Amino acid sequence: MSKEITARSQDYAQWYNDLVLKGGLADYSPVRGCMVIKPYGFSLWENMRDVLDRMFKETGHQNAYFPLLIPKSFFSKEASHVDGFAKECAVVTHYRLKNDPDGKGVVVDPEAKLEEELIIRPTSETIIWNTYKDWIQSYRDLPLLINQWANVLRWEMRTRLFLRTAEFLWQEGHTAHATSEEAVEETRRMLDVYADFVENYMAVPVIKGVKTPSERFAGAVDTYCIEALMSDGKALQAGTSHFLGQNFAKAFDVQFSNKENKLDYVWATSWGVSTRLVGALVMAHSDDDGLILPPRISPLQVVIVPIYKGNDQKSAIDGKVEVIVQELKAAGIRVKYDDSDNARPGWKFAEYEMKGVPVRIAIGARDLENNVAEVARRDTKEKSSLSLDGIAGNIVKLLEEIQQHLYDKALAFRKEHITEVDTWETFEKTLDEKGGFVSAHWDGTAETEAAIKERTKATIRCIPLNNPQEAGTCILTGKPSKERVLFARAY
RNA sequence: CGGGAUGUAGCGUAGCCCGGUUAUCGCGCCUGGUUUGGGACCAGGAGGUCGCAAGUUCGAAUCUUGCCAUCCCGACCA
């Protein structure tokens, strides 16, 4: 009633905002570009974080924490890194406030100016490499495999809830290796971890690829990425993994003695995913009734709603539900029994649909008599009657089925939206009318890439890994090309 | 940073053009009762720096100026 969601077909951006706000994931904050992540949204992020954290540890990484504030001078040490981030850094210049002598409120105390200004990290390469210099002396100290969970701040021109906020939460892995090959292997390994996570937990299919030089991370030799497709046909970079070569090692003088007792610079990687993934999740699966969350990371997997007349029925249902809840919990299911009295069943149904809870179980007196419950799945809205005997096992299966169905559906959508085109006319037409990824030949120059972006707003999302080699001619210039690349308009 | 829109209770809003009682209505909230298989109903009640600041005026939510914030669209970026 009071929580209507704008139809996706009517206004995609507003639909997205409605889902995030009314689905209880986040709120706007008093500061532009920042947001409050509410308990429900944070729980979702925690589930994502926990799975990733486990995966990082299984691949040999340890967590550490580096500080929020970075000496300004650190940033100037790696030239392209400065270019990439300088224009979006917040700077700390003072360390004290005082009462405004002219009246109410507080002002910055001009006497408390910092000798060296500090920047709030937009990413941590510089402070980390400055530290690694002290940690690494010998090949025996390598590889160094560190991850940190942190917040970062980038002063963005235009922000959107989860997709691009000024402050966001993320993890950043930073590793050091003795050889280039090993570092590249690490870069690719973590890309695989991301793809595994996004596909198998978030149920969002991704394309693994490498960025073109102009889309590369500031300071990287190669940037690998996973690209996902949203339901409006726009692409979204869901994760990146960078091979940094020796750029940061040289900038911060991180050398090690190899087995031959010769000094060499270490080889580096960095890789990250952020709360942006929450936005990706929202846009990948949801519909006009609200969020649709994949069971594996949904804060709640099952909600149980009682339907009763009078206290006698209520307590009979309570008793039965208590047993079911125990069974479901024993099966490892995150379940909530919502027996609150301040909303009626219909209201609860709508509410949990908006929040994307994968499965809803409704139990009334009639069901008790027949020893069944009404089970509704969020993804298809299908309802069925399930026997209460052995219900936990069936719910486990249903959750798996929902997880798979979400992935299959998203994959079918993506397949439908990768279009091979060979002429400029169809290239533009496809972007305008159909959206999605456009697979086309490109002459490999940054100039052509920029010209295409200028004309169509589409960027090269990536050159897919294991890309089939195929002779052709550039979509724009007609020059020879040896492979297709993926273009799309993107978030 | 350019263009557009908006700012009145937790949310959504009326009032503003044309200044004048105690700022409207709905949802939500609190109390009591009846209800409960798809967003219940009755009765009573609480809740407001009308974004902020100046100005005009006997009098400003309403007029003027400045500022702030948010959203959308665009250029830049995870």
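Predicted model, so just to flag it, every value in this text is computed and none were measured. Reminder, nothing fancy here: chain letters follow the sequence lines and each chain counts from 1.
In this structure, A:K314 atom NZ and B:U34 atom P are separated by 16 Å, rounded to whole Å. With rounding to whole Å, A:F349 atom CZ is found 10 Å from B:G39 atom P. Whole-Å rounding puts the A:N311 CG to B:G33 C1' distance at 14 Å. Atom P of nucleotide B:G38 and atom CE of A:M354 are separated by 18 Å, given to the nearest angstrom. Here B:G10 presents its P atom at 13 Å from CG of A:D27, a figure rounded to the nearest Å. Atoms CD (A:Q14) and C1' (B:U6) sit 12 Å apart, rounded to a whole Å. One interatomic measurement links the two molecules: NZ of A:K22 to C1' of B:C71, which rounds to 13 Å at whole-angstrom precision. Residue A:Y12 contributes atom OH, which lies 14 Å from atom P of B:C72 at whole-angstrom precision.
Taking atom C1' in both B:A40 and B:G28, one finds a spacing of 15 Å when rounded to whole Å. For the C1' atom pair drawn from B:A75 and B:G15, the interatomic distance equals 40 Å after rounding to whole Å. B:G10 and B:G55: their C1' atoms are spaced 33 Å apart (whole Å). B:A9 and B:C52 are spaced 10 Å apart, taking the P atom of each and rounding to whole Å. When the C1' atom is compared between B:G4 and B:U56, the two are found 30 Å apart, to the nearest whole Å. Nucleotides B:G45 and B:C63 have their P atoms positioned 34 Å apart, rounded to a whole Å. Rounded to a whole angstrom, the distance from the C1' atom of B:U57 to that of B:C41 is 49 Å. With both ends at atom P, the span from B:G51 to B:C58 equals 25 Å, rounded to whole Å.
Along RNA chain B, the nucleotide nearest to A:K383 and the one nearest to A:R216 differ in position, and the one closer to the 5' end is contacted by A:K383.
Judged by a 6.0 Å distance limit and a 45° cone about the ring axis, A:R296 is positioned over the six-membered ring of A:Y201.
A salt bridge does not link A:R8 to A:D232: none of the charged nitrogens lies less than 4.0 Å from a carboxylate oxygen. A salt bridge is absent between A:K453 and A:E449: the closest approach of a Lys/Arg side-chain nitrogen to an acidic carboxylate oxygen does not fall below 4.0 angstrom. A salt bridge is defined here as a Lys NZ or Arg NE, NH1 or NH2 lying under 4.0 Å from an Asp or Glu carboxylate O, and A:K57 with A:D53 meets this definition. Look at A:K348 and A:E351 and you find no salt bridge, because none of the NZ, NE, NH1 or NH2 atoms lies under 4.0 Å from a carboxylate O.
Checking B:G59 for Watson-Crick or G-U wobble geometry (two distances, each under 3.5 Å) identifies no partner in any strand. Look at B:C17: it lacks any Watson-Crick or wobble partner with both distances under 3.5 angstrom. The partner of B:G47 cannot be assigned: no Watson-Crick or G-U wobble pair with both contacts below 3.5 Å exists in any strand. A 3.5 Å limit on both hydrogen-bonding distances identifies B:C27 as the Watson-Crick or G-U partner of B:G10. Across all strands shown, B:G32 forms a Watson-Crick or G-U wobble pair with B:C42, both key distances being under 3.5 Å. Both distances falling under 3.5 Å, in either a Watson-Crick or a G-U wobble arrangement, place B:G66 opposite B:C52. If you check B:C1 for Watson-Crick or wobble pairing at under 3.5 angstrom, you find it paired to B:G74.
Side-chain N/O atoms of A:K457 include one lying less than 4.0 angstrom from OP1 or OP2 on B:A75. In this model, the phosphate group of B:G37 is approached by a side-chain N or O of A:R344 to a distance below 4.0 Å at OP1 or OP2. A:N17 has a side-chain polar atom (N or O) that falls below the 4.0 Å cut-off from OP1 or OP2 of B:C72.
At most 12 non-hydrogen atoms from other residues, nucleotides or ligands lie less than 6.0 angstrom from CH2 of A:W155.
Using a 4.0 Å heavy-atom distance criterion, A:F85 is classed as making no nucleic acid contact. If you check every strand for non-hydrogen atoms under 4.0 Å, A:K87 touches sugar and phosphate atoms only. Looking at heavy-atom distances under 4.0 Å, A:A343 makes no contact with the nucleic acid at all. As judged by a 4.0 angstrom heavy-atom cut-off over every strand, A:L163 is placed among the base-contacting residues. When heavy atoms are screened at a 4.0 angstrom cut-off, A:A13 is found touching the sugar-phosphate backbone but no base atom. Heavy atoms of A:E454 sit nowhere under 4.0 angstrom from any nucleic acid atom. No contact: A:Q313 has no heavy atom under 4.0 Å from any strand. Residue-level contact check: A:Y28 touches the backbone only, with heavy atoms under 4.0 Å from sugar-phosphate atoms and none from bases. Nucleic acid contact for A:G33: sugar-phosphate only, since backbone atoms but no base atoms lie under 4.0 Å from a heavy atom of the residue. Counting non-hydrogen atoms under 4.0 angstrom, A:S274 reaches a base of the nucleic acid. The residue A:R360 sits close to a base: some heavy atom pair falls under 4.0 Å. Note on A:S385: nothing from the nucleic acid sits closer than 4.0 angstrom, heavy atoms only. Among the atoms of the strands shown, base atoms are found under 4.0 Å from some heavy atom of A:E156.
With distances taken from any side-chain atom of A:K453 to the nucleotides B:C76, B:G38, B:C29, the minimum falls on B:C76. Of the candidates B:G39, B:C76, B:U36, B:U36 carries the atom nearest the A:K309 side chain, counting heavy atoms from C-beta on. Listed nucleotides B:U36, B:A78, B:G39 differ in distance to A:E351; the shortest reach to its side chain belongs to B:G39. Closest contact between the side chain of A:R366 and the listed nucleotides B:A78, B:A75, B:G37 involves B:G37.
Evaluated for a side-chain hydrogen bond (donor to acceptor under 3.5 Å, both in side chains) with A:K314, the options A:D318, A:D312, A:N311 yield exactly one hit, A:D318.
The base of B:G38 sits within donor-acceptor range of the side chain of A:E353, with an N or O pair under 3.5 Å.
A side-chain N or O of A:D379 and one of A:H405 form a donor-acceptor pair less than 3.5 Å apart. Side-chain atoms of A:Y194 and A:T240 include no donor-acceptor pair closer than 3.5 Å.
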